[in-house]
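For reference, positions follow the sequence shown, starting with 1. Both backbone and side-chain heavy atoms feed into the values below; hydrogens, waters and symmetry mates do not. Just so you know, ligand 1 is whichever comes first in the structure, and atom 1 is the first atom listed for that ligand. What you are looking at is a predicted structure, and each value in this text was computed from that prediction instead of being measured.
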Amino acid sequence: MRLLKVATCNLNQWAMDFDCNLKNIKESIVEAKEVGAVIRLGPELEITGYGCEDHFLELDTINHAWECLKDILLGDWTDGILCSFGMPVIKGSERYNCQVLCLNRKIIMIRPKMWLANDGNYRELRWFTAWKQKDQLVDFQLPYEISKALQQKSVPFGYGFIQFLDTAVAAEVCEELFTPSPPHAELALNGVEVFMNASGSHHQLRKLDVRLRAFIGATHTRGGVYVYSNHQGCDGGRLYYDGCASVVVNGDLVAQGSQFSLRDVEVVVAQIDLEAFDFNFNLHFHRDTNFVAV
Ligand SMILES: NC(=O)CC[C@H](N)C(=O)O
């Protein structure tokens, strides 16, 4: 048995309420650590709040997000636990909706969203650029204040995954899961077993069913664990986000948070045996001997 404990959460974040959002994030990390989780996933754009709308266009919003991240990274919050934080990041002249992956007080990778949500209530293209350089990770120079505080100059930025000694972990940002060619398919063929989906998904009748089918579809033939985090409650705009942070293993739902709770922080934990993935995945490779992984 090779056990992995993962924690995901429903957070009741508010647009532009950095103090409240940071407090909730820290509380979720404390709870995740208390139960021995080594991965903590938070929702999309959790530091700023998802619904900041045109505040995303203000430089201050991005700067405050970095200050919050710096606060987390200067403390012991990320010691021994891989944390994914959702926040906007400016690179060059573009603004990206990112999952910032941190461990042991360092940023280890920034993963910009590649497929933006722009239908129905979503207008992400108004504030963000989709990352399209699928075949490369580039060097991102951290903002001066961050770099000085963290003693870290740069970080890999783009589409990729984190290879640990015993498993590989990757981010997939909300809408990407629902696209015709979701990143998890290719990532799984490259050995990724743990998928972290940071989401900002509002309540709509029967949408939970669509999400669950997508998590199950992502892992039932390929194997692996799909970890999903979402906002919960209102955030200052007109939408209600309905949580349901979940963990799905090899196509089975093993943990799920509430949909309509009034709690600000709800942490959902699951313990997984990594050996359960080997069985599933090897089975499929052996079926098609001509298959070449990319
Ligand atoms: N934030 C998003 O990417 C939203 C994705 C998707 N449309 C949903 O509602 O879950």
Side-chain angles (χ1 to χ4, degrees), residues 8-16 21 25 41-57 61 65 84-89 94-100 110-132 134 159 170-185 187 195-219 226-248 253 256-260 268:
T8 175
C9 52
N10 292 336
L11 296 187
N12 181 19
Q13 306 301 75
W14 290 89
M16 304 298 284
N21 296 346
I25 290 170
L41 170 67
E44 186 174 13
L45 298 167
E46 61 186 317
I47 294 184
T48 52
Y50 181 78
C52 295
E53 302 193 355
D54 282 3
H55 288 297
F56 283 127
L57 305 178
T61 306
S84 165
F85 301 111
M87 64 176 262
V89 173
E94 311 290 335
R95 203 177 306 97
Y96 296 97
N97 172 350
C98 297
Q99 267 181 257
V100 180
I110 300 180
R111 166 63 157 80
K113 191 169 183 176
M114 300 190 295
W115 297 98
L116 299 179
N118 220 49
D119 61 336
N121 288 305
Y122 295 96
R123 290 292 173 273
E124 290 185 359
L125 279 170
R126 179 174 171 129
W127 310 294
F128 300 107
T129 300
W131 179 257
K132 288 294 174 204
K134 264 198 75 181
Y159 175 51
E172 176 158 79
V173 197
C174 199
E175 179 74 4
E176 294 175 354
L177 166 65
F178 305 98
T179 56
S181 178
H184 68 250
L187 290 164
F195 302 94
M196 301 186 295
N197 187 309
S199 199
S201 186
H202 67 282
H203 175 65
Q204 206 175 314
L205 276 183
R206 288 177 287 280
K207 201 206 265 183
L208 175 57
D209 192 46
V210 174
R211 288 183 206 139
L212 285 173
R213 273 186 276 143
F215 308 152
I216 291 166
T219 55
Y226 207 89
V227 191
Y228 176 81
S229 172
N230 195 10
H231 291 264
Q232 188 170 54
C234 297
D235 72 349
R238 288 175 303 148
L239 301 180
Y240 174 84
Y241 300 87
D242 66 347
C244 296
S246 306
V247 182
V248 171
L253 180 69
Q256 185 175 41
S258 67
Q259 191 168 21
F260 303 113
V268 174

- Message: Between Phe260 and His203, is the ring centroid distance below 6.0 Å?
- Response: yes
- Between Phe56 and Leu45, is a side chain to side chain contact (heavy atoms under 4.5 Å, CB included) present by the stated rule, with each step listed? CA-CA 10 Å; Phe56 283 127; Leu45 298 167; 3.7 Å; yes
- Can you tell which of Glu175, Lys207, Glu44 gets a heavy atom nearest to atom 1 (N) of ligand 1? Glu44
- Message: Please determine whether any non-hydrogen atom of Arg211 lies less than 4.0 Å from an atom of ligand 1.
- Response: no
- Within less than 4.0 angstrom of ligand 1, does Tyr50 place any heavy atom? yes
Tell me, which protein residue and heavy-atom name are nearest [atom], and how many Å apart are they?
| atom | result |
| --- | --- |
| atom 3 (O) of ligand 1 | Lys113 NZ, 2.7 Å |
| atom 2 (C) of ligand 1 | Cys174 SG, 3.0 Å |
| atom 8 (C) of ligand 1 | Ser201 OG, 3.2 Å |

- Query: Hey, is the main chain of Gly86 close enough, under 3.5 Å, to the side chain of Glu46 for a donor-acceptor pair?
  - Reply: yes
Distance only, no hydrogens: is a donor on one side chain within 3.5 Å (strictly under) of an acceptor on the other, for [X] and [Y]?
| X | Y | value |
| --- | --- | --- |
| Asp242 | Gln259 | yes |
| Tyr50 | Glu124 | yes |
| Asn21 | Trp14 | no |

- Task: Report the distance from atom CG of Asn197 to atom CD of Glu175, rounding to the nearest 0.5 Å.
- Result: 10.0 Å
- Message: If I apply the N/O under 3.5 Å rule, does His202 come out as touching ligand 1?
- Response: no
- Message: Considering both backbone and side-chain atoms of Gly200, is one of its nitrogen or oxygen atoms within less than 3.5 Å of a nitrogen or oxygen in ligand 1?
- Response: yes
- Item | Which of the ligand 1 atoms, numbered from 1, are nearer than 4.0 Å to a heavy atom of Ala117 | 2 (C), 3 (O), 4 (C)
- Task: Just let me know how Glu124 lines up against ligand 1, side chain, backbone, both or neither, with a heavy-atom cut-off below 4.0 Å.
- Result: side chain
